[in-house]
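Comments concern the structure below.
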Amino acid sequence: ARGVSDYKVADLSLASYGRKEIELAEQEMPGLMALREEFGPTQPLAGKKVAGSLHMTTQTAVLIETLVALGAEVRWVSCNIFSTQDHAAAAAVVGPNGTPDDPQGVPVFAWKGETLEEYWWCTEQLLVWPDGSGPDSIVDDGGDATLLIHLGVEYEAAGAVPADSADDSEEHRIVLETLRRSLVANPKKYTEMAKSIIGVTEETTNGVKRLYKLARERRLLFPGINVNDSVTKSKFDNKYGIRHSLIDGLNRATDVMIAGKLAVVCGYGDVGKGAVESLRGQGARVVVTEIDPICALQAAMDGLEVVRLEDVVAAGDIFITTTGNKDIIMATHMARMKHNAIVGNVGHFDNEIDMAGLARLDGIEKIEIKPQVHEWKFPDGHSIVVLSEGRLFNLGNATGHPSFVMSASFSNQTIAQIELHTKRDQYAKEVYTLPKHLDEKVARAHLKAVGATLTELSKEQADYIGVEVDGPYKPENYRY
Ligand code: NAI
């Protein structure tokens, strides 16, 4: 057995609770369990060093242990300062066969409520194995691990970290400081590291956007697989996942009655659609803001009013951002909201809500109701309630998406890792989506659990609609 010596989590004694939840989750993650059965014997990831930056939850622990079951040597961090479930992190370190005194799982650097400095420290630890070597591949969610490596390589080539930059956020300053220290300690750290990385598999919309941008600018240093745009990821996790976890976050944070309230959902993409269903399911009156005429028309045809934020800002009770864009709810908006209006974001980054602007307002007072729930009191005496400091509150105030839907997402992640490691020469420094037959395979693996019985095509029918009996059943341009 190999012990784990380098890790940092909140409390290893939470491991047995974490293990019980992992065992419950395994039952709900048929896709991952099927992949263990299919690929366990051939060990396609044998000895491969896989570094993962993705919310350290119970479901992620099942993903980690699937990668290990396929032979990988895994290290892990969370991709958000509030999303770690400390018992899951402890169980991942201890492993199924270890004890808190003799951990046998994987090195995890993650706890709930990291500072931004700690967050980037963890990401640095993620990328260095005890023997000093770097990862062979990356599992990323939002692209922070990939970003650190790319910036590192560029600054090492330049011999310096730029002193000024267009991004004046606190977080960017911390990233630059991290790289400045690294450059002094080892001027070729990330350059060497990047050479041996065969690719990254990216989980979410925002991370994928970053990858395509790097590829467009010819700066991408290794192949990327866009897991988000597998149909069995974005049309399930982003939509049905948020439908479950959005009200979970709202309830655990505030326990406010949702029925009858006016909820404003900014963005009607996959996550927005799930958010709306979640709130409507509770009887909220929901209105939507959009910039895209297609999504706006979809919202209208779904029976929703499409409005501008300015026009509902004084009337809304609950405001949810789902855009993956920045500057959606500004401090000036929040100042006009009604007393105790709730503001929360489920888009990937915290810049959808202008938290910095809010904090800068003259005479504003921030009162902690409990961790990740804050009352912001304006000088005129009215308050608003902000969840998870403007970061993904379905993970910050609750436990994120449930196991079953994450099984589909993480089956795509696992398949994408196998693709990278077994078909290395087929991937260039571009961004790829998984082929449709693998998407269909992931869906197929989840049908039995929901009691679905698939109709089989006859050869004649297959010929008539121009597909193979075994699929793929749709052309690439089909939109589901
Ligand atoms: P999407 O691209 O399908 O939807 C975003 C929508 O926001 C688009 O329709 C876009 O037109 C709209 N939008 C952009 N700027 C806007 C503005 N200024 N005002 C109003 N609408 C605007 O993306 P998707 O897949 O729905 O993801 C959204 C975000 O959620 C991303 O940041 C993604 O990474 C994140 N995400 C979060 C999850 C969670 O568990 N909290 C799960 C999955 C994704």
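Numbers here simply count residues along the sequence, with the first being 1. Counting convention: from 1, in listed order, for ligands and their atoms alike.
- Selection from N394, I291, V265, N345 by nearest heavy atom to atom 14 (C) of ligand 1 gives I291.
- Residue, atom and distance of the protein heavy atom nearest to atom 32 (O) of ligand 1 are N206 OD1, 2.1 Å.
- Counting heavy atoms under 4.0 Å from ligand 1, residue T205 touches it through both backbone and side chain.
- The heavy atom nearest to atom 15 (N) of ligand 1, out of those in I329, I294, N325, is found in N325.
- Selection from G269, G267, S234 by nearest heavy atom to atom 4 (O) of ligand 1 gives G269.
- Looking at ligand 1, you'll find an N or O of D270 within less than 3.5 Å of one of its N or O atoms.
- Using 4.0 Å as the threshold, G400 has no heavy atom nearer than that to any atom of ligand 1.
- The atoms of ligand 1 that sit less than 4.0 Å from any heavy atom of T289 are 20 (C), 21 (N).
- Using cut-offs of 30° and 60° on the angle between ring planes, the pair H382 and F378 is parallel.
- Heavy-atom proximity to C295, at under 4.0 Å, picks out these atoms of ligand 1: 9 (O).
- Relative orientation of the W121 and F109 rings is perpendicular, given thresholds of 30° and 60° on the angle between their planes.
- Using modelled atom types, one side-chain atom of R75 and one backbone atom of Q125 make a donor-acceptor pair closer than 3.5 Å.
- Annotation for ligand 1: atoms under 4.0 Å from non-hydrogen atoms of H348 are 31 (C), 32 (O), 34 (O), 35 (C).
- If you check which protein heavy atom lies closest to atom 34 (O) of ligand 1, you get T204 OG1, 2.7 Å.
- Nearest to atom 18 (N) of ligand 1 by heavy-atom distance, out of I328, V288, V271, L309, is I328.
- Between P107 and V74, the shortest heavy-atom distance links the atoms CD-O, 3.3 Å.
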